[in-house]
> 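One structure is given below, represented as structure tokens, and several questions about it will come after.
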Amino acid sequence: MTAPAGAEPSRVEPPRAEPATPSRWARLQGAPVRLWWSSLPLRVIASTLAASTVVMLLGGFLLMQQATEGILSSKQESALAEAAVAMDTAQRSLQAADLATSNVNEVLTRLTVEVANRGATSGQYEVVVQGPVSDIRSPRVSAASVPETLRLQVAEEEGTWVTPTRITWTDGSEAVPGVAVGGSLLAPGAGRYAIYFLFPLTDELATLEVVQRAVATTGTLLVLALTVVAALVARQVVDPVREARLTAERLAAGHLDDRLEVRGTDDLASLAVSMNHMASELQQQIVRLEELSRVQQQFVSDVSHELRTPLTTVRMAAEVLHEAREDFAPVEARSAELLYHEVDRFEQLLGDLLEISRFDAGAAVLALEEHDLVDLVEREMAAQQSFAARARTPLRLLRPAGPCTAEVDPRRIARILRNLITNAIEHGERRPIDISVAADEHAVAVAVRDHGVGFAAEQAEQVFHRFWRADPSRARTVGGTGLGLAISLEDARLHDGWLHAWGRPGRGAQFRLTVPRSRGQALHRSPLPLAPVDLPLPALEPARPASEVQQQGAR
């Protein structure tokens with residue numbers, strides 16, 4: 001039964017979800033990850049650079065810490081020694097002074113000037129003395145340079161104390177770090193007076209800056225040197241591996257004579273020897289398999305040809321017996337009828353075997369013509385109408401709105417349609433069979449949908465295997481050879497097209513043929529979906545990217 005010409009187009013070509021295209025920002029975000037995982041030398045060099053940088057930073061930090069502690073400790077020791085000498089000298093001068101005739105403040109001021117002059121001459125320290133009225137200090141230094149904690153310690157306990165400080169100047173110069181040493185002077189009959197020595201760390205800071213620059217320069221050079229070394233080592237390891245990969249790709253492409261060059265006796269050399277041995281064994285196995293395949297193809301071809309002569313004789317005898325079956329007894333008449341039909345099936349099997357042998361030998365050719373596939377479908381439906389009527393299976397055509405022309409071999413396309421329709425009738429459980437035709441600017445597709453027993457999803461590729469059955473116990477009702485779908489798949493590939501199958505147990509099956517409009521035109525998608533459009537929405541298969549469709553069609 002044929003649908004009217006104005007059938008709803010949406011039933012033929014439902015809207016398809018376009019594959020999602022990643023945004024440019026997403027591609028840019030993923031570029032570093034792709035670059036990282038695409039180059040082994042890059043990962044080795046980057047890892048070495050990062051690890052070397054971390055090690056050098058830790059080493060430089062520890063080295064600078066040790067150098068700083070050593071310099072400060074040495075400075076404190078020298079400051080204590082220098083301060084002890086100055087305090088002893090000042091104490092003797094204070095004891096020798098005549099406090100009966102001199103003011104204590106004047107004596108302390110004179111001592112401060114003397115000690116400050118000695119410190120200025122040596123360039124090592126400044127002096128602050130806590131006098132009875134106010135602090136007496138060196139000309140440039142500020143009394144605020146003495147930490148309050150040091151003043152408290154000197155005031156509470158006798159002895160010499162040392163602490164870090166920051167020395168400020170009265171002339172507005174920039175403050176500098178320093179070391180403060182505090183003690184006390186005993187004036188006879190006048191009490192104790194605190195004295196503080198301030199040692200600037202200018203020279204020590206300059207030394208630390210030199211050490212820091214040296215560490216930074218040396219660390220940078222070491223990191224760069226380690227990176228270069230890592231690049232050289234990575235190249236020594238990666239180059240043989242890359243050569244092995246390229247050789248493996250050439251072997252996979254059919255260049256079985258390619259071999260790796262063996263250098264030395266290390267692990268990489270052992271890898272090269274193993275790959276060369278594998279290539280030799282693989283070449284021998286492929287040669288043996290090719291020879292075996294050639295012998296098998298030749299055997300099938302020879303047997304098929306040789307059987308045609310006795311088959312012709314058997315057919316003539318079967319036709320004679322079949323025409324005279326009315327004169328036989330019922331048993332003999334039935335035997336003559338069975339013999340006649342089985343000879344037909346045997347002849348069909350021989351024809352299919354010869355066709356398969358031509359495909360295997362690469363001798364199959366196309367006779368291309370510009371044809372409307374709707375006409376081919378209608379012609380094949382008319383040819384199978386009597387068989388469909390005997391099976392009580394309605395055939396329905398979902399006609400597209402316009403023509404569906406393509407460059408095809410009409411004989412081979414008709415054979416594909418015949419196999420798909422008879423297969424659908426055999427397994428359709430007397431339910432209607434829907435045949436859809438659709439086209440776009442690149443391809444034409446035909447889908448044959450039955451509502452019969454179906455098959456499991458994982459068997460979608462196995463149905464095209466030679467002599468394969470989903471249920472081995474199920475008898476053939478049509479009398480096919482078991483090679484129809486295998487031949488149909490080869491015919492589709494010969495057209496640079498696709499033949500896909502969809503099925504679910506108890507929900508029927510759908511076979512979809514897709515051919516390009518012009519020979520040599522690449523297929524990217526089919527005008528018809530693979531899953532039937534009459535299924536509930538959850539049962540529909542998700543849309544697949546064009547790359548996946550290309551891969552599946554290339555198989």
Side-chain angles (χ1 to χ4, degrees), residues 22 27-52 224-298 357-364 461-462 464-466 489-490 492-494 496-498 520-524 544-555:
R27 291 195 300 270
L28 290 177
Q29 284 182 320
V33 177
R34 291 193 298 270
L35 180 62
W36 174 262
W37 290 111
S38 64
S39 175
L40 178 59
L42 175 63
R43 295 200 298 274
V44 172
I45 294 173
S47 301
T48 304
L49 178 61
S52 302
L224 294 177
L226 289 174
T227 303
V228 173
V229 171
L232 295 176
V233 173
R235 182 174 181 179
Q236 290 181 355
V237 175
V238 171
D239 283 354
V241 175
R242 182 178 292 128
E243 184 179 354
R245 176 183 63 82
L246 295 175
T247 302
E249 291 177 354
R250 290 194 295 269
L251 290 174
H255 304 283
L256 300 179
D257 294 328
D258 286 357
R259 296 293 184 270
L260 283 172
E261 183 179 355
V262 180
R263 305 184 187 91
T265 58
D266 56 7
D267 292 337
L268 293 176
S270 301
L271 174 63
V273 172
S274 300
M275 285 201 62
N276 290 340
H277 178 69
M278 179 192 68
S280 300
E281 293 295 323
L282 181 63
Q283 184 178 20
Q284 295 177 9
Q285 290 289 342
I286 290 177
V287 169
R288 283 196 293 266
L289 290 174
E290 288 178 346
E291 181 64 22
L292 178 60
S293 176
R294 188 190 64 78
V295 171
Q296 289 177 341
Q297 294 172 11
Q298 188 64 37
S357 66
R358 280 192 287 270
F359 281 123
D360 291 340
E461 293 186 5
Q462 300 177 15
F464 298 106
H465 294 178
R466 300 171 185 180
L489 180 62
E490 295 296 338
R493 288 175 176 171
L494 202 60
D496 295 328
W498 304 335
Q521 187 176 12
L523 290 178
H524 299 284
R544 296 167 296 162
S547 59
E548 181 182 340
V549 175
Q550 272 188 315
Q551 277 187 339
Q552 197 174 29
R555 286 199 297 265

> Hey, could you give me the CG/CD1 distance between Leu226 and Ile45, rounded to the nearest 0.5 Å?
12.5 Å
> Quick one: are Gln283 and Asp257 in side-chain contact, heavy atoms under 4.5 Å?
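Counting from C-beta outward, Gln283 and Asp257 do come under 4.5 Å.
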> Compare every heavy atom of Ala279 with every heavy atom of Leu251, then report the nearest pair and how far apart it is.
CD1-CB, 3.6 Å
> Could you grab the distance from atom CZ of Arg250 to atom CG of Leu246, nearest 0.5 Å is fine?
6.0 Å
> Can you tell me how far the CG atom of Asp258 sits from the CD atom of Glu249, to the nearest 0.5 Å?
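If I round to the nearest 0.5 Å, the distance is 11.5 Å.
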> So which atom in Ala272 and which in Val262 form the shortest heavy-atom distance, rounded to 0.1 Å?
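Reported closest heavy-atom pair: CB-CG2, 4.0 Å.
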> Arg43: what forms a salt bridge (Lys or Arg N to Asp or Glu O under 4.0 Å) with it, not counting sequence neighbours?
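Residues passing salt bridge (Lys or Arg N to Asp or Glu O under 4.0 Å) with Arg43: none at all.
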> So, taking the atom named CG in Leu232 and the one named OG1 in Thr227, what distance separates them when rounded to the nearest 0.5 Å?
11.0 Å
> Looking at Ala234 and Val44, what are the two nearest heavy atoms and their distance?
CB-CG1, 3.8 Å
> Kindly write out the residues that satisfy side chain to side chain contact (heavy atoms under 4.5 Å, CB included) with Glu243, not counting sequence neighbours, or none if the list is empty.
Thr247, Leu260, Glu261, Arg263
> Do you know which two heavy atoms are closest between Leu523 and Gly497, and how far apart they sit?
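Reported closest heavy-atom pair: CD1-CA, 3.8 Å.
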> Give every residue pair that meets the salt bridge (Lys or Arg N to Asp or Glu O under 4.0 Å) criterion with at least one member in residues 224-237, sequence neighbours excluded.
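Every salt bridge (Lys or Arg N to Asp or Glu O under 4.0 Å) pair that includes a residue of residues 224-237, provided the two are not neighbours, is Arg235-Asp239.
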> Taking all non-hydrogen atoms of both residues, which atom of Ser270 and which atom of Thr265 are closest, and how far apart?
OG-O, 4.4 Å
